[in-house]
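These notes concern the structure reproduced below.
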Number of protein chains: 2
Amino acid sequence: MELQEAKQQFIDTWGALGSEWGINKSVAQVHALLLSASNPMSTDEIMEKLVISRGNANMSIRQLVDYGIVYKKHIAGDRKEYFVAEKDVLKWAMKIAVMRKQKELDPVMDILREISKNTEKDKTPEGKEFHKTVKDIQVLTDQLETIANKLFNTSGGDLLLKLIKLMM
Amino acid sequence: MELQEAKQQFIDTWGALGSEWGINKSVAQVHALLLSASNPMSTDEIMEKLVISRGNANMSIRQLVDYGIVYKKHIAGDRKEYFVAEKDVLKWAMKIAVMRKQKELDPVMDILREISKNTEKDKTPEGKEFHKTVKDIQVLTDQLETIANKLFNTSGGDLLLKLIKLMM
DNA sequence: TTTTATTTTCAGAAATTTTTGAAAATTCAG
DNA sequence: CTGAATTTTCAAAAATTTCTGAAAATAAAA
């Protein structure tokens, strides 16, 4: 049972990493479980493997499906739903990144833009300094966004490899 | 009190963003407070502004000092310690990134490497598939790390700007 | 339709994380 | 030294997040 042990370690590690980065442990573990599975799994199998409740399993799976990194799979002659993880790392990593950016980063940037506008006319040294602080964050974020867009709009699976060469 | 309002909004927004990304709310708020302050602040001033306890203030400040993004500042004739935030966005953003990578990502990558090694000899289809899944994560991570290193080893403050042009 | 399997929901319970605040430790002026 | 100011620690309380499990809803079969 060496392989099963390795899979379990992967699931545990992934769950812990998720927790540290604001992704629910169960969600991360279900993702890891499906990533390491060779076959589609039902909710019951997931519940059993991870020792979690039906409610938790259901919600975790749904979130992953919503993210677009886990797919529903119907199996002929079976009434239950089965689930498979997107196995292409670049695909699922990008989807997670894009989703978190939209949900968590973009709203913050909107607020910063607003703060920036509201403090633009302030002519006190204190006001000018604060305005610059906020503006600097915006500029850096915009630059990083531009780079990220370039990266991900490049074609092919080895886009990163190409970029690394480009930067040499 | 328009400016103070804007600062408060910045502090609140920053605290919320931190929470979503695994950074303690108080820590993020103290960081935002010092970022938006024109002068060094004492623990008591921070406690008062954020309405948090001494223990919380102390621990949050210390963490930021440990990260290297807040500096202690001694004021002549005053026994209290004062604190100032690093104002260069690129500097503090990089320090946060490097610190979290070392503390949270690198240990995970070490485990993945170990899992990878332990499943290398497995010749079953299931074993080979799992090995590939883990390996793929490693490869993507290594590529991203290479790119990040290139980015941050480039000189100057407008390194990102240069890169953007380079990629055009 | 009725029955049975399956999925979804969500209020309360449990677990985890964060915060408090007072005591202990440290620092420094006199 | 001594004693006051300041900082640090950490057990317990509070707040927040996560999880459970049973009931409600839905979907498919009979």
Side-chain angles (χ1 to χ4, degrees), chain A residues 11-34 40-67 70-84 100 103-104, chain B residues 11-34 40-67 70-84 100 103-104:
Chain A
I11 291 165
D12 292 343
T13 303
W14 213 238
L17 181 62
S19 292
E20 291 179 324
W21 287 79
I23 289 175
N24 178 287
K25 190 180 84 170
S26 295
V27 173
Q29 286 187 335
V30 171
H31 185 217
L33 174 63
L34 290 175
M41 295 183 79
S42 68
T43 301
D44 290 85
E45 287 169 326
I46 292 168
M47 285 168 61
E48 194 190 1
K49 277 279 183 191
L50 299 181
V51 196
I52 59 176
S53 70
R54 181 171 305 284
N56 190 5
N58 182 270
M59 285 177 124
S60 298
I61 293 166
R62 187 148 49 93
Q63 188 166 355
L64 293 165
V65 172
D66 287 346
Y67 288 179
V70 160
Y71 309 119
K72 289 185 184 180
K73 165 106 187 168
H74 283 285
I75 288 188
D78 197 330
R79 199 156 146 184
K80 279 206 279 288
E81 280 185 324
Y82 287 77
F83 303 94
V84 207
R100 295 202 71 177
K103 225 182 73 172
E104 294 154 6
Chain B
I11 291 165
D12 293 343
T13 304
W14 213 240
L17 180 62
S19 291
E20 290 178 326
W21 286 80
I23 289 177
N24 178 286
K25 190 181 82 171
S26 296
V27 172
Q29 285 188 334
V30 171
H31 185 217
L33 175 62
L34 291 175
M41 295 184 79
S42 68
T43 302
D44 291 84
E45 289 170 326
I46 292 168
M47 285 168 62
E48 194 191 1
K49 277 279 184 191
L50 299 181
V51 196
I52 60 176
S53 69
R54 182 172 303 284
N56 191 2
N58 181 269
M59 284 177 125
S60 298
I61 294 166
R62 185 146 51 90
Q63 188 167 354
L64 292 165
V65 171
D66 287 349
Y67 289 179
V70 161
Y71 309 120
K72 289 185 185 178
K73 166 104 184 165
H74 283 287
I75 287 187
D78 197 330
R79 197 154 149 184
K80 281 206 277 288
E81 281 184 325
Y82 286 77
F83 303 94
V84 205
R100 295 202 72 176
K103 223 181 74 169
E104 294 154 6

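Reminder, nothing fancy here: chain letters follow the sequence lines and each chain counts from 1. Both backbone and side-chain heavy atoms feed into the values below; hydrogens, waters and symmetry mates do not.
Straight-line distance from the CZ atom of A:F83 to the P atom of C:dT7: 7 Å, rounded to whole Å. As rounded to whole Å, 16 Å separates atom C1' of C:dA11 from atom CG of A:N56. At whole-Å resolution of the value, CD in B:Q63 and P in C:dT19 are 11 Å apart. Atom CD1 in A:I75 sits roughly 19 Å away from atom P in C:dA5 (whole-Å rounding). Summarising the geometry, the separation between NZ on B:K80 and P on D:dT8 is reported as 14 Å, rounded to the nearest angstrom. Taking atom CD of A:E45 as the reference point, atom P of C:dT6 lies 12 Å away to the nearest angstrom. At whole-Å resolution of the value, NZ in A:K25 and P in D:dC19 are 6 Å apart. Remark: P of C:dT18 and CD of B:E20 are 14 Å apart, rounded to the nearest angstrom.
Of all heavy-atom pairs between B:H74 and B:E81, the closest is CE1-CG, 4.1 Å. Shown here for A:K25 and A:G15, the closest heavy-atom pair between the two residues is CG-O, 3.7 Å. Considering every non-hydrogen atom in both A:L34 and A:F83, the closest pair reads CD2-O, 3.6 Å.
Close to D:dC19, at under 4.0 Å from its OP1 or OP2, lies a side-chain N or O of A:S26. Under 4.0 angstrom from either OP1 or OP2 of C:dT7 there lies no side-chain N or O belonging to A:N58.
Heavy-atom nearest nucleotides on DNA chain C were determined for A:D44 and for B:G55, and the one closer to the 5' end corresponds to A:D44. Heavy-atom distances to DNA chain C give each of A:D78 and A:S19 a nearest nucleotide, and the one nearer the 5′ end belongs to A:D78.
Closest to the side chain of B:M59, from the set D:dT9, D:dG21, D:dT7, is D:dT9.
A:W14 has its side chain within reach of A:L17: a pair of non-hydrogen atoms, C-beta onward, lies under 4.5 Å apart.
Within the nucleic acid shown, A:N24 comes within 4.0 Å of sugar-phosphate atoms alone, with no base atom in reach, counting heavy atoms only. Looking at heavy-atom distances under 4.0 Å, B:R62 makes contact with sugar-phosphate atoms alone, never a base.
Judged by distance alone with a 3.5 Å cut-off, a donor-acceptor contact links the side chain of B:R79 to the base of C:dT27.
Under 3.5 Å, the side chains of B:W21 and A:E104 contain a donor-acceptor pair of N or O atoms.
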